[in-house]
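As the structure lists them, so they are numbered: ligands from 1, and atoms in each ligand from 1.
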Amino acid sequence: MRALWSVLFGGGAARIRSTIAAMSRAAERGSSQMNVYSPSLAAASGMADVIGEDGKVVVPTEVEDAIRTLIRWSGDEPEREGLIDTPKRVARAWREYCSGYASDPGVHLSRTFEEVGGYDSVVVLRDIPFQSHCEHHMAPITGTASIAYLPRDRVVGISKLARVLHGFAQRLQVQERLTAEVAQCIQDNLNPRGVAVVIEAQHGCMTGRGVKTHGVGMVTSRMLGCFLDDASTRKEVLALMGRG
Ligand SMILES: Nc1nc2c(ncn2[C@@H]2O[C@H](COP(=O)(O)OP(=O)(O)OP(=O)(O)O)[C@@H](O)[C@H]2O)c(=O)[nH]1
Ligand SMILES: [Zn+2]
């Protein structure tokens, strides 16, 4: 699985998706033209994705091969009709699941507003649905997050809090780190008086395999600044999140 991971995502370095027409055509033509540009090299070195003429990301050969190996190891035949295009689909799906590696989620917090009519109370975005994947099994994590902050002198567009969440969720995660990363990113970029993040999620690795236990929610929280230091402020924000 480690090998599959490494071909799918290379070093996990930041990538920028872009259309490089000449390279796409070479990749699509295949054979000798592929020497001009190697998608596998791009994946391994963290270069931009190449978009083919069909508008889809060009999948490096070894990524397809790795997924074929996994299908075979799972007990099926990758050559049968229904599975022929599956390696490409799986590869592109994982590119999407892990699109959060492509950028710093903090960029979403660069645009702030100071004119807020003197508003100086807690801002809460409650029950934001998200999906991630656990780094242990690459199985889905699905849940909701509530994100709050107490502004110091500026506020951010509310959608940006959800964007920060998805930026970190679209990586391989453990829930504890996801929670901490979202909180720290808001703290670092907005310098508010406090940040509170509470996440409740279900882990596919606990339902679909292993202990096979359904209906269990894992809850994690990260409190920073005033929400950490002051019990009554923490109580207030938890009540606003519906967890009072
Ligand atoms: N703390 C924490 N654990 C997680 C998370 N996602 C998955 N896990 C757990 O990671 C653990 C990995 O344990 P291992 O013993 O290395 O792997 P395993 O043999 O597949 O474990 P089982 O899932 O118990 O079958 C499991 O207990 C998972 O439930 C997460 O976000 N946070
Ligand atoms: Zn897991």
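Residue side and main chain included, His203 places no N/O/S atom under 2.8 Å of the Zn ion (ligand 2). Within the 2.8 Å limit, Cys205 places at least one N, O or S atom next to the Zn ion (ligand 2).
Between the side chain of Thr144 and the backbone N or O of Asp127, no donor-acceptor pair lies under 3.5 Å. Formation of a donor-acceptor pair under 3.5 Å by the Tyr101 side chain with backbone atoms of Leu172 is found in this model. Side-chain N or O atoms of Arg95 include none that pairs as donor or acceptor with a backbone N or O of Ala91 at under 3.5 Å. The backbone N or O of Val197 lies less than 3.5 Å from no partner atom in the side chain of Ser221, so there is not a single donor-acceptor pair. Proximity of a side-chain donor or acceptor of Tyr119 to a complementary backbone N or O of Val155 within less than 3.5 Å is not detected.
The ND1 atom of His137 and the SG atom of Cys134 subtend an angle of 120° at the Zn ion (ligand 2), given to the nearest 10 degrees.
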Could you give the N/O to N/O pairs under 3.5 Å linking ligand 1 and the protein, each with its distance?
| from | atom 1 | to | atom 2 | distance (Å) |
| --- | --- | --- | --- | --- |
| ligand 1 | 1 (N) | Glu176 | OE1 | 3.4 |
| ligand 1 | 1 (N) | Glu176 | OE2 | 2.7 |
| ligand 1 | 6 (N) | His203 | ND1 | 3.2 |
| ligand 1 | 8 (N) | His136 | ND1 | 3.4 |
| ligand 1 | 10 (O) | His136 | ND1 | 2.7 |
| ligand 1 | 20 (O) | His137 | NE2 | 2.6 |
| ligand 1 | 20 (O) | Arg209 | NH2 | 3.0 |
| ligand 1 | 23 (O) | Arg209 | NH1 | 3.0 |
| ligand 1 | 25 (O) | Arg209 | NH2 | 2.9 |
| ligand 1 | 31 (O) | Gln175 | N | 2.6 |
| ligand 1 | 32 (N) | Glu176 | OE1 | 2.8 |

- Query: Run the salt bridge (charged side-chain N to carboxylate O under 4.0 Å, His left out) check on Arg92 and Glu96 step by step: do they pass?
  - Reply: CA-CA 6 Å; Arg92 289 176 181 137; Glu96 261 189 80; over 6 Å; no

Take Glu135 and Arg177 through the test salt bridge (charged side-chain N to carboxylate O under 4.0 Å, His left out) and record every step on the way to the result.
CA-CA 11 Å; Glu135 67 185 26; Arg177 188 174 62 238; 2.5 Å; yes

